Amino acid sequence: MKYLGIDPQKIKIGVFNFTCCEGCALALANKEETLVDFLDLLDVVTFREISSDRGEDYDIALVEGSISRDDEIERIKKIRAQAKVLVALGTCACYGGVNNLKNQFKIEEVVEIAYGKDKVETSKVRPLSDVVKVDLEIPGCPVSKAEVEKIVVDIVNQSEINFPEYPVCVECRRNMNTCVFDLGMICLGPITQAGCDAVCPNGGVGCLGCRGPAEDANYESFREILEENGFTMQEALERINFYNALPGMVIDES
Amino acid sequence: MIYKVITKKEFKKFVNGLINSNETFGPRQVNTAKDGKPIYQFKEVHSFDEMELDYTLSYSSLKNFFLPFREVLSRYNFTDDNWEQEIEYRVNPRVIVGVRACDINALCKLDDIFVNGSFPSPYYIARRNNTFLIGMDHLPMDDCFCMSMGELVVRQGFNLFCTDLGDRYYLSINSSKAFNFLRNVKTTDPTDKDDRQWLERRNLIKRSFNTTVDTSSLPNLLDIEFDSPIWEKWGDKCLNCGTCAMVCPTCYCYGIEESIDVSLKSSRRERFQHSCTVVDFAEVAGGHNFRPSKEARLKYRYYHHYHGFAENADEQICVGCNRCGRNCLAGINPKDVIDDLLMEKTDEV
Ligand code: SF4
Ligand code: SF4
Ligand code: SF4
Ligand code: SF4
Ligand code: SF4
């Protein structure tokens, strides 16, 4: 593995899971056609989905999942202390993600419904950045492997890491999709950061905003658009609350 | 230009002949909108009957056939101490059937930049030269305003143009290729009756426009109105979603992205369609953004379309298809914006 005659340094990574479905960690093991090359750039110290090795000397911690228990706070702090760079991987880690749905209810009720009599210790769901300093956020539910590949290559080559600033619509229209608003459905694409290649509208369903807000998102105009298209704020909030990744849209409302 | 008349039956035979030996694209319904109206796009077709030639207008423009939304311009292969560049712009001959006048005229505007401009694009030229275009007239939709932009009539930039005379087409033949292809089917010279019907059809189309945009004072008006509050009014609505530019047949801006493959053994340079309405379009190294506000970004698009700059200085590049207006979720459309600018000055007088 040489790049223009130079031997780049492999990056020592550890992959860690918190409250989530482990979908982002699994996404890292996807895209078989380039998987060997991808792993070749990495020195995998710990990554339980693909290896039984358990090391402690990682430089970059890729952390998926949100924080929902006290023991998780301890664990993430330890990881933070070890890692030179801590990366929040996926919507759960960046924004709380689907787990946030729990925050809409009383904790006791949630535990009762989910676990019955077996009381488990759990608290409100939080993104990693509420608990530790996060150096880089890679949003997405799950993360896009192509984007992660690009970021890893950028790190190896010491290039600047860039995310699209514009909304999902740009990618959606490049893919020549029919706008789902024209089909009578809500889409959060106009206020959500692109980078997923508009997978949801590609499949004919509206964006749920998993990648968080686009730069300079126009919430006010978007709210008017929802109304003009006959949607209530409640309907929009149901979508936004799914990932809770568009706080700007919610705060503005109150 | 040579004129002939062909029956619709014979025309079908002609097109099926083209379909059999070339990659062919035509209008097809891809969706039904919530108001029940069909949504069309140009898609590959394998027989004449798959096309819906009485379609209104394609949802997105034809631009992607010539300026793909994303394309690899070149690839680089690295060896330990050297590298090689690979460039390919080979295009198989292809046919597009049923192209509307505005879309043909839009291609002529793109030709000014990518064929006749200071920096011709071999990628564009290869696609353009290898595409056989069959145009077709139609009755305008309520919000079409190509007539106001002077783009209702096609003069160049196509191979064949069909004017619908009911049971037959009046053909304007604009290339030797088209003339030669037509030898395989039966056509006749236009009779006096054909000529009259052709004119009647043209007049009917002209009478059918319901939207007029007063372009007589553009681009001067835009010079005068540079600081108008109108821009803020519309800019405040803009989502900077780029939709207008992506569906527009003449928006040609692009970005270039270079990426190294995961193998580190190769890389590629890609071109992607970009737009001045998009937030990071005018952002430069170091993070400075030359157009930091929504208002500035939206205004820019209007200046390019109705004022013109660079390769098309003082030439309006809008052809009046209203795809931008129809697809803008925020309801921003050329007719209303230009009317507002005109009204503002009228009120002040
Ligand atoms: S479907 Fe969504 S992302 Fe696509 S153009 Fe419409 S609003 Fe934008
Ligand atoms: S379209 Fe929206 S919800 Fe779907 S992956 Fe992209 S950002 Fe996430
Ligand atoms: S004018 Fe409309 S379509 Fe264009 S960027 Fe603004 S909101 Fe999007
Ligand atoms: S209007 Fe904007 S996006 Fe369109 S061609 Fe001009 S500068 Fe480019
Ligand atoms: S600016 Fe709008 S009306 Fe003019 S050519 Fe582009 S999409 Fe059509």
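Sequence lines set the chain letters: A, B, ... in the order given, protein chains first and strands last, and positions in each chain run from 1. Worth knowing before you read on, the calculation uses all heavy atoms, side chains too, and leaves out hydrogens, waters and symmetry mates. As the structure is a prediction and not an experimental result, all values here were calculated from the model.
Contacts of I39(B) with chain A are made by side-chain atoms alone, with heavy-atom separations under 4.5 Å and no backbone atom involved. With a 4.5 Å cut-off on non-hydrogen atoms, P68(B) does not touch chain A at all. Using a 4.5 Å cut-off between heavy atoms, T243(B) touches chain A through backbone and side chain atoms alike. With a 4.5 angstrom heavy-atom cutoff, N177(A) touches chain B only via backbone atoms. Neither the backbone nor the side chain of R326(B) comes within contact range of chain A; no heavy atom of the residue lies under 4.5 Å from a heavy atom of that chain. With a threshold of 4.5 angstrom between heavy atoms, N31(B) approaches chain A through side-chain atoms but not through N, CA, C or O. The part of V153(A) that comes within reach of chain B is its side chain, from C-beta onward, which places non-hydrogen atoms under 4.5 angstrom from that chain. Residue N175(A) does not touch chain B at all, counting heavy-atom pairs closer than 4.5 Å.
Residue K12(A) is tested with D57(A), D43(A), D59(A) for a salt bridge (charged side-chain N to carboxylate O under 4.0 Å, His left out); the sole match is D57(A).
Between E283(B) and R291(B) there is no salt bridge, since no side-chain nitrogen of the basic residue lies less than 4.0 Å from a carboxylate oxygen of the acidic one. Look at E257(B) and R269(B) and you find no salt bridge, because none of the NZ, NE, NH1 or NH2 atoms lies under 4.0 Å from a carboxylate O. A salt bridge is absent between K335(B) and D143(B): the closest approach of a Lys/Arg side-chain nitrogen to an acidic carboxylate oxygen does not fall below 4.0 angstrom.
Within the model, atoms OH of Y76(B) and CD1 of I260(B) stand 12.0 Å from one another, a figure rounded to the nearest 0.5 Å.
Ranked by heavy-atom pairs under 4.5 Å with chain A, the first of T32(B), N327(B), N82(B), V30(B) is N327(B). Of all the listed residues (C179(A), S159(A), P164(A)), the one sharing the greatest number of non-hydrogen pairs under 4.5 Å with chain B is C179(A). When the candidates N229(A), I225(A), V170(A) are compared by the number of heavy-atom contacts under 4.5 Å with chain B, I225(A) comes out ahead.
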*Would you please test F65(B) and F25(B) for ring-ring contact (aromatic ring centres under 6.0 Å, His included) and show each step?*
CA-CA 10 Å; F65(B) 284 96; F25(B) 301 85; 4.8 Å; yes

*For Y123(B) and Y89(B), run ring-ring contact (aromatic ring centres under 6.0 Å, His included): C-alpha distance rounded to whole Å, both residues' side-chain angles, the deciding distance at 0.1 Å, then the answer.*
CA-CA 5 Å; Y123(B) 304 88; Y89(B) 34 82; 5.1 Å; yes

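A heavy-atom distance below 4.5 Å is found between the side chains of D182(A) and Y59(B).
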